[in-house]
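Just below is one structure, and these are the notes that go with it.
Letters A, B, ... are given to chains in the order of the sequence lines, protein chains preceding strands, and every chain is numbered from 1.
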Amino acid sequence: MIYAPVLFVFIPIIIAIAVFLIKSPKAHYLVFLSQAALIVLFVLYALFLSANPDQNIIVFGGWDARFAISFYNDWLSLVFIGLTIFMWTVILLYTFKINYAQKKLFFFLMFLEGVFLGLIQTNDLFNMFVFLELTTVLVTILIVYRKGGEAFKAGLQYMLLNTVAAMFFLIGIILLYYVYGTINIRVIASEIALYSDYNIVKFAYVLMITGLCVKAALFPLFTWLPRAHGVAQASISALLSGLIVKAALYIFLRVNFDMFSNAYSMSEMFFWLGAISALVGVVIAMSQKDLKQILAYHTVSQVGIIMMGLAATGPIETLFTNPAAFGGLLHAVNHAVFKSLLFLAAGSIIRVYQTKKVYEIRGVFKTMPWTAIVLIVAMLSITGAPFFNGFISKSLIKYGFKQDALKMIVFTIVNLGTMISFVKFSQILFGPKQKLIVDRQYKQHFAMSLLAIASLVIGLAYYPIFKSLFALTWGGALYLDYLIYIEYIGYMALAVLIFHFVVKRDYLPFRLLRGSPISFLTANSIFVFSMIVIGLFVFL
Amino acid sequence: MNPILSFVVILIGIYGLAVSTNIIKSVFCVTIIEAGLILLFLNLGQYEGGLIPIMEALGIEIVDPIPQALMITTIVIGSTITSLALMISIKIFHITGSIEWKDFLKRK
Amino acid sequence: MPELALVLQMFLIIVAIAIVLHKSKFTIIILISAFSLIAATLYMMNQAPDVAIAEVAINAAIIPLIYVISISRQREFIVLDKIRHGFIDPNEKLTGEVYEALTAFTSKNNMKLNVCCDISGSEEVLTRDLNVDLILDKLPDSETYILKGRASNLLFARLKEDTKDIEHIKIELIEDGDALD
Amino acid sequence: MPLTKYILIILLGLVLAMFIVSFADYQEIYNNISRLFYETNGFLDTGSRNIVTAIYLDYRLFDSLFEAGILLVAVSGINWISQHGAEQENAHFMLDKFKTPELFITFSRLVYPIMLLFGIYIVLNGHNSPGGGFQGGAVIASALLILFYIDLKKSTNMRVIMTIEKWLFVSLVSISAISLLTRGVLFTNFIPLDADADLKSIYLIALNIIIGAKVALGLTAVFIAFLKEGR
């Protein structure tokens with residue numbers, strides 16, 4: 001049972017190669033076989049790990065831990081592994097009917113799952129770099145899969161920007177290797193205090209954090225995310241915004257709080273970095289006309305909110321005791337659930353209506369009732385309505401900085417912006433029934449409703465889940481005090497008002513925001529600029 | 001042999017990346033960054049009297065072998081990234097007619 | 001010995017600057033091979049023979065070859081000629097004023113005209129997968145030539161301006177159906 | 001435009017200054033624990049004189065597995081992008097008519113066997129002399145490319161190459177997993193630790209051959225995809 005993590009990585013990869021090699025399209029059902037095996041394996045491994053928590057490190061090759069590659073699992077990586085397997089099952093259910101004959105798509109998707117599971121568990125910095133590059137190559141091929149003109153442009157920009165970021169991550173690894181003599185995260189974490197005040201370790205820290213800021217699409221460097229989403233298929237953009245962006249945040253947690261154990265106490269700066277990217281993301285999302293662009297810029301702002309939550313963590317163990325940090329982690333999980341639900345629903349709506357413009361789609365509630373219900377569930381949970389999972393994580397994050405007035409204002413503005421942009425998004429629901437051919441996709445409906453049920457379950461039954469899994473006792477009677485309902489309805493009314501008077505008239509600043517995307521060249525100079533800004537914070 | 005010169009090569013690569021007007025130039029600059037990076041890694045591991053890491057006799061003093069093993073992986077990754085980027089750039093040329101970065105942003 | 005390494009590193013920086021500042025793509029390929037050869041010798045001087053062989057074998061042999069092919073592919077203006085099914089001989093002068101217009105257009109944008117014929121397949125497949133830039137056709141009865149090209153193709157837009165004055169040419173646009181999924 | 005260039009140069013100068021400042025105190029804290037480790041028991045553990053091959057075939061085999069994986073994925077990706085359904089056996093293109101110059105053909109006939117031999121030499125004794133799977137495979141791939149330059153119409157079936165490559169990846173993973181049975185640990189040499197160095201090099205040669213074949217096939221497949229692009 002101790003070698004379960006290796007099976008997590010290699011079951012999807014072997015199935016991917018099997019799908020590719022077997023001629024008949026019948027082989028694609030193997031994909032569900034692998035998902036079932038992964039679910040069973042995950043449950044068994046979670047029980048095994050909770051039974052004897054000390055056997056969570058596997059060293060490959062039996063060499064000294066300092067020189068060999070090793071896998072490390074704790075509660076944090078188990079949460080992400082469970083989320084990955086659940087998300088991949090849903091995505092495969094969704095895309096199975098549409099790309100039935102696409103043998104290559106399943107090959108790339110399953111390979112990406114194996115690599116992603118490896119990326120979560122690896123305990124070796126260079127191995128993490130190899131997995132990052134593999135994820136970049138695979139996601140580029142998946143973005144470019146439909147071979148449209150726009151898809152090639154977005155895929156190329158995604159690959160080049162992320163490769164440069166990963167190379168700077170590699171320079172950081174090199175410098176750390178020469179100072180600590182090893183690339184094993186656990187060993188460096190134990191010896192970090194010896195050299196952490198030398199300049200070269202600070203410089204390595206700056207390079208690694210800048211590389212991660214690009215991959216996590218934080219404030220100045222998020223230009224690649226909206227382009228990649230606009231062109232990719234619904235399922236690919238659901239995966240991209242649901243999980244791949246979270247991988248960068250997961251590595252940020254491992255590198256900043258686990259390995260460097262917050263040696264340079266940068267949590268204040270990370271909070272404000274998250275806050276700015278949340279604000280900027282929401283404002284641009286309000287100005288967009290394209291359905292997928294609204295959701296893409298929304299991912300940037302939600303990642304900012306997660307960073308606001310995660311910035312408060314101390315050492316990794318406190319992730320499960322500090323409410324704000326746990327709120328950030330829970331928001332990452334919730335965001336993966338409801339954002340991918342939004343993308344999948346938007347994908348099926350676009351396929352039926354054959355247009356992406358928000359103003360041209362009307363009457364979704366009557367023509368596609370099932371998708372509309374699921375979309376409403378997702379919209380309520382993203383705006384943080386009570387009884388849904390968005391509300392739990394947002395109130396936990398808010399609990400983190402209860403006393404700081406400025407942070408509360410910023411957080412409420414971001415929530416208001418979220419509500420406004422989703423009022424704009426919800427316009428597509430109203431209106432008469434359109435006579436459009438709606439092909440009955442039962443697999444898709446099942447996949448989307450699976451996600452909706454998940455967000456409801458987390459929203460309603462959060463208390464027993466916290467108590468049993470993580471032994472937390474917060475927010476017992478959250479739903480009893482009526483204040484939260486009034487607060488939500490008040491904000492929603494304010495959002496509708498603002499939408500009608502400000503956003504609908506599409507004033508000049510909104511048109512400007514929509515019209516001026518940042519080119520690849522300026523993105524690189526911004527990359528260098530942000531490296532210097534982070535460097536100033538660390539060195540001074 | 002000092003690493004500052006190889007770091008300058010990396011910076012030239014970034015400058016090229018931020019200034020190049022078409023896609024192929026940017027892919028060239030990614031190769032430059034990669035070569036500079038490898039040079040930096042090998043220069044840092046240098047010391048007087050270090051020999052090639054082939055153990056003819058058992059007791060000889062060798063140079064740090066880890067960077068060389070890791071850099072072979074980086075070269076292979078760099079070549080896959082380059083060939084994928086070039087294939088995409090050919091397709092971009094034939095579909096949109098130009099490979100200049102400034103034509104990328106024209107909304108139809 | 002270490003002085004030679006310093007000289008080589010300075011030379012490497014000069015070649016890198018030359019690559020960044022240079023304009024014509026073919027000379028840059030030669031500079032790139034020179035760059036990777038110098039880098040390989042520098043690796044050798046840092047006592048890293050494995051990395052040197054890998055750098056030479058991949059970055060100096062295969063990657064420049066791929067650069068040459070991709071750049072030559074990007075200077076070709078592929079025209080699918082559906083009218084004459086005779087054998088196209090490269091040195092045989094292409095007659096008819098449509099071909100003059102095409103050759104003038106391609107020479108103006110310093111591209112090579114590559115006429116090919118009898119490839120079947122729908123227009124969407126031809127222009128997207130097979131990189132065909134222009135489909136030349138002729139209505140059986142009338143004298144007008146039909147030029148079909150992708151709407152999003154900037155070259156095709158320029159070709160439209162050039163061939164405005166020639167009277168019996170009709171331009172048709174193929175809408176690129178972006179995958180709306 | 002020149003304004004942003006100057007700003008960029010200043011920014012890069014700042015980054016360089018940061019590196020120089022941080023590099024000043026590098027000498028005192030340079031740590032060579034790992035170098036001493038590989039010096040002492042690199043050869044004894046793995047039986048390969050070339051420590052670098054020992055590292056990427058035995059100590060850090062997991063990295064090399066996924067490096068072969070990235071090559072596999074890149075080849076399938078490039079093949080998918082350049083794949084097209086239209087059958088055009090008898091299509092002839094105006095520009096492809098040129099004959100490769102005579103001098104080039106005779107010279108490449110001369111060079112081809114030497115390069116092939118050199119590549120095979122590098123792959124085979126990667127554990128004693130510098131070289132190994134990846135470098136040897138790349139040299140063999142460049143030797144195979146010369147074949148394509150001699151006669152352009154050489155039609156190789158891409159599907160066969162990709163299937164062989166996939167089987168090679170599967171065999172690579174299974175060989176590195178056998179060590180679970182013999183030595184109880186994953187991803188290392190399946191011959192027990194205390195065996196003689198020559199016995200252990202059997203594993204090294206086997207892995208080098210598989211990786212060499214895989215890299216050679218992969219890079220040739222990439223090159224064919226570029227040659228056949230759009231034809």
Side-chain angles (χ1 to χ4, degrees), chain A residues 3 6 10 13-14 17 20-21 58-64 66-69 104 107-108 111-112 114-115 118 122 124 126-127 130-131 133-134 137-138 140-141 144-145 147 152 175 177-182 194-195 198-204 206 521-522 524-525 528-529 531-532 535 539, chain D residues 4-5 7-8 11-12 14-15 18-19 21-26 28-38 45 55 58-67 69-70 72-74 76-81 83 162-163 166-167 169-170 173 176-177 179-180 183-189 193:
Chain A
Y3 284 112
V6 176
F10 279 105
I13 290 180
I14 299 297
I17 293 177
F20 186 89
L21 289 181
I58 309 167
V59 182
F60 293 134
W63 312 107
D64 178 351
R66 182 179 277 276
F67 304 112
I69 300 173
K104 282 267 177 83
F107 170 72
F108 289 127
F111 210 98
L112 183 59
V115 165
T122 179
D124 183 275
F126 187 76
N127 202 4
V130 172
F131 279 132
E133 287 286 335
L134 243 158
V137 168
L138 276 164
T140 318
I141 296 171
V144 163
Y145 196 78
K147 296 199 210 176
F152 281 123
L175 297 176
Y177 167 73
Y178 276 111
V179 170
Y180 290 97
T182 169
L194 297 178
Y195 305 108
Y198 280 90
N199 285 339
I200 196 137
V201 177
K202 283 183 185 163
F203 187 65
V206 165
L521 305 176
T522 42
N524 283 300
S525 20
V528 176
F529 175 72
M531 189 186 306
I532 290 169
F539 277 98
Chain D
T4 51
K5 281 203 175 93
I7 298 170
L8 200 61
L11 292 182
L12 291 174
L14 275 172
V15 174
M18 261 208 289
F19 179 73
V21 158
S22 60
F23 182 66
D25 56 16
Y26 166 70
E28 313 120 27
I29 51 176
Y30 169 65
N31 180 331
N32 50 21
I33 303 166
S34 62
R35 183 167 56 79
L36 299 176
F37 169 79
Y38 286 115
D45 287 352
I55 288 174
D58 203 334
Y59 287 109
R60 298 181 68 89
L61 179 60
F62 197 66
D63 270 350
S64 317
L65 281 187
F66 280 95
E67 194 187 323
I70 200 170
L72 183 79
V73 163
S76 334
I78 288 172
N79 180 285
W80 166 255
I81 291 174
Q83 212 172 10
M162 302 228 313
T163 354
K166 301 246 175 331
W167 282 114
F169 183 75
V170 169
V173 171
S176 46
S179 63
L180 183 64
R183 268 170 62 176
V185 280
L186 259 176
F187 298 126
T188 176
N189 193 337
L193 206 54

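Of the listed residues D/Asp58, D/Val170, D/Ile78, the one with more heavy-atom pairs under 4.5 angstrom with chain A than any other is D/Asp58. Taking D/Val73, D/Thr188, D/Val173 one by one and counting their heavy-atom pairs under 4.5 Å with chain A, the maximum is reached by D/Val73. The residue among A/Tyr177, A/Tyr195, A/Phe539, A/Phe108 with the most heavy atom pairs within less than 4.5 Å of chain D is A/Phe108. With chain D as partner, the option from A/Thr182, A/Leu21, A/Thr140 having the largest number of non-hydrogen pairs under 4.5 angstrom is A/Leu21. Chain D forms more heavy-atom pairs under 4.5 Å with one residue of A/Phe10, A/Phe67, A/Tyr198 than with any other, namely A/Phe67. For the options D/Trp80, D/Phe37, D/Tyr59, heavy-atom pairs under 4.5 Å to chain A are most numerous at D/Trp80. Among A/Trp63, A/Phe60, A/Tyr3, the residue making the largest number of heavy-atom pairs under 4.5 Å with chain D is A/Trp63. Of all the listed residues (A/Ile14, A/Leu134, A/Val59, A/Asp64), the one sharing the greatest number of non-hydrogen pairs under 4.5 Å with chain D is A/Leu134.
Proximity to chain D (any heavy atom under 4.5 Å) is restricted, for A/Ile13, to the side chain, taken from C-beta onward. For chain D, the nearby part of A/Phe111 is the side chain; its heavy atoms alone come within less than 4.5 Å. If you measure heavy-atom distances from D/Leu180 to chain A, the contacts under 4.5 Å come from the side chain alone. Contact of A/Asp124 with chain D is made through the side chain alone, with heavy-atom distances under 4.5 Å. Contacts between D/Leu65 and chain A at a heavy-atom distance below 4.5 Å involve the side chain alone, from C-beta outward. For chain D, no part of A/Val201 is nearby; none of its heavy atoms comes within less than 4.5 Å. Residue contact with chain A, scored on non-hydrogen atoms closer than 4.5 Å, involves the backbone and the side chain of D/Phe19 alike. Contacts between D/Ser179 and chain A at a heavy-atom distance below 4.5 Å are absent for every atom of the residue. For a residue to count as touching a neighbouring chain, one of its non-hydrogen atoms must lie under 4.5 Å from one of that chain's; by this rule D/Ile70 touches chain A with backbone and side chain alike. Proximity to chain D (any heavy atom under 4.5 Å) is shown, for A/Ile200, by both the backbone and the side chain.
One distance of note links CD1 of D/Ile55 with CG of D/Leu61; it measures 13.0 Å at 0.5 Å rounding. Here CD1 of D/Ile33 is found 12.0 Å from OH of D/Tyr38. Values are rounded to the nearest 0.5 Å. Summarising the geometry, atom CG belonging to D/Leu14 is positioned 11.5 Å from atom CE belonging to A/Met531; distances are rounded to the nearest 0.5 Å. Rounded to the nearest 0.5 Å, atoms CG (D/Leu8) and OG1 (A/Thr522) are 11.0 Å apart.
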Given side chain to side chain contact (heavy atoms under 4.5 Å, CB included), test D/Ile81 with A/Phe152 step by step and report yes or no.
CA-CA 10 Å; D/Ile81 291 174; A/Phe152 281 123; 3.9 Å; yes
Worked verdict on D/Ser34 versus A/Arg66 for side chain to side chain contact (heavy atoms under 4.5 Å, CB included):
CA-CA 8 Å; D/Ser34 62; A/Arg66 182 179 277 276; over 6 Å; no
Pair A/Phe529, D/Ile7 - check side chain to side chain contact (heavy atoms under 4.5 Å, CB included), show working.
CA-CA 10 Å; A/Phe529 175 72; D/Ile7 298 170; over 6 Å; no
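In this pair, D/Phe62 and A/Phe131 present their aromatic rings perpendicular. The plane angle is above 60°, beyond the 30 to 60° band.
Side-chain N or O atoms of D/Ser22 include one that pairs as donor or acceptor with a backbone N or O of D/Met18 at under 3.5 Å.
The cationic group of A/Lys104 does not satisfy the cation-pi geometry with A/Phe20, failing either the under 6.0 Å distance to the six-membered ring centre or the 45° limit from the ring axis.
Nearest heavy-atom pair, A/Ile532 versus D/Leu11, reported as atom, atom and distance to 0.1 Å: CD1-O, 3.2 Å.
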